[in-house]
A.B. asks: 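One structure follows; several queries about it will come next.
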Protein chains: 2
Amino acid sequence: MASAIAIADAEGIDAVSIRRVAAELGARAMSLYTHIERKEDLFDLMADEVNAEILVEGELPGDWREAISAIVRRTREVLRRHPWLVDLVSRRPQVGPNGLRHGEQSLAALSRLRIEPEWKWRIIAAVDDYALGFVIREGMRQEGSRGYAWTQAERDALMRPYLREFIDSGEFPNLAPLLADGAPDVEGGDRADDDFERGLRWMLDGIARDLAL
Amino acid sequence: MASAIAIADAEGIDAVSIRRVAAELGARAMSLYTHIERKEDLFDLMADEVNAEILVEGELPGDWREAISAIVRRTREVLRRHPWLVDLVSRRPQVGPNGLRHGEQSLAALSRLRIEPEWKWRIIAAVDDYALGFVIREGMRQEGSRGYAWTQAERDALMRPYLREFIDSGEFPNLAPLLADGAPDVEGGDRADDDFERGLRWMLDGIARDLAL
DNA sequence: CGGAAAATCGATACGCCGTACGGAATGGTG
DNA sequence: CACCATTCCGTACGGCGTATCGATTTTCCG
């Protein structure tokens, strides 16, 4: 199903249609249904294949914070490489083999900690929540709507007069200064890295303090 | 466009089609294109209408942590009431009037803090990232795939033999104990409340420590 | 190797979808 | 009343997921 992934990488998940994938393979549409039962199954296969990329190779760092940071950074990288994955991740739990392996690896990152397994899971959930939210909002920022390929400048030009109206209305005393010089929504690439690391550190700090780790 | 929202609430965002909404209104499909230009515009209108519900009425708590907690809790409530909103939120920035008002209110929650506006925005972004991720994973847990209405028990029954196979494989020493007694993915309703509050507290603690607030 | 059984393929068709287009109706303004 | 802009409506095009079914290929066993 590499063809399906290639299509999604290039044109987004909506471009992945049964007919399209079949054409890419030189087959007819209905032939795909010998391998899958519903289109959703195709998506599941795609997701699990890419979930394999999330697995961190080699030894995990011994320090638990470094270990889950490594995993979560890798998750972000993969989600940037395959932005359509967030559409699938947000639709259903990832319980394919590689999804489970990812869960296992996340737990392994905390294996040294002497706390109950439930708590390990809660830590992972909180960090994953943050990371998922960040990556979603990051992706949405950099491409606007997936599929509509406006450049940053074009969208900026369209948006500015619209935003100006609101700024001038005086209804947004706190927001206006931030909107004035380039929307804060659109920050450069390395800024995003800093933001990601900072939020992650905040979350981990809060966890460490609370659980005295 | 209340009809469109009603459809989405009841059957998910995919059930919202131009023809369907038109029928609900006793009109023909093409008549809708008098008011909107593309289907996306309809989604934008729906999103902004619901974004209004996110706004916290009355005075915000004076304490900044309480204030943004109140906003974020309300966000979660609304996203539970209108689960389809996450599909729209994750596709494009919310810059409608009510989306902006929400941003303004979030900043207002931090107005007492004597830090630079950029830092306020970073705090809000981190908290929103966490909240968005949590709500997405929460919604995905409780309904599986939106549209496919399996009961919890049915999905459980289907899943168990599949998971058992992996548990017995021995490849998942850390994960297996958690999967054994009811997947940790599926926690009850009040548990979810606790989880949400705990993660939020962790994030806010980390922020407060780092910025000495 | 021969033939039965199972898996795969192919074409066609149904009912959806978003929306381009062009004509008909409508309502407000001179 | 005539004019014109806005709104409405029917039709049509190309694309979608997939049910059905006959034809073909592949696999397996005696």
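Naming: A, B, ... by sequence-line order, numbering from 1 per chain. Being a predicted model, the structure only gives us computed values, none of them experimental.
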A.B. asks: May I ask you to test the A/L204-A/W64 pair for a side-chain heavy-atom distance under 4.5 Å?
C.D. replies: yes

A.B. asks: Between A/I13 and A/D87, which heavy-atom pair has the shortest distance, and what is it?
C.D. replies: CG2-OD2, 3.5 Å

A.B. asks: Can you confirm if the NZ or CZ of B/R76 lies within 45° of the ring axis of B/F196 and under 6.0 Å from the centre of its six-membered ring?
C.D. replies: yes

A.B. asks: Can you pull out the residues from residues 24-37 of chain B that lie within a 4.0 Å heavy-atom distance of DNA chain D?
C.D. replies: B/R28, B/M30, B/S31, B/T34, B/H35

A.B. asks: Nearest whole Å is fine: how far is C/dC17 C1' from B/K39 NZ?
C.D. replies: 8 Å

A.B. asks: Has the side chain of A/R19 got a donor or acceptor that lies under 3.5 Å from a partner of the other kind on the base of D/dG17?
C.D. replies: yes

A.B. asks: Would you please name every residue forming a salt bridge (Lys or Arg N to Asp or Glu O under 4.0 Å) with A/R73, sequence neighbours left out?
C.D. replies: A/E197

A.B. asks: To the nearest Å, how far apart are B/I13 CD1 and C/dG18 C1'?
C.D. replies: 15 Å

A.B. asks: For the pair B/R91 and B/E40, find out whether any cationic side-chain nitrogen is under 4.0 Å from an anionic carboxylate oxygen.
C.D. replies: no

A.B. asks: Nearest whole Å is fine: how far is C/dC16 C1' from B/E11 CD?
C.D. replies: 14 Å

A.B. asks: Rounded to the Å, how far apart are A/D14 CG and D/dG17 C1'?
C.D. replies: 14 Å

A.B. asks: We want to know whether A/H102 and A/N51 form a side-chain donor-acceptor pair, criterion being a heavy-atom distance below 3.5 angstrom.
C.D. replies: no

A.B. asks: What integer distance in Å separates A/R38:CZ from D/dA19:C1'?
C.D. replies: 14 Å

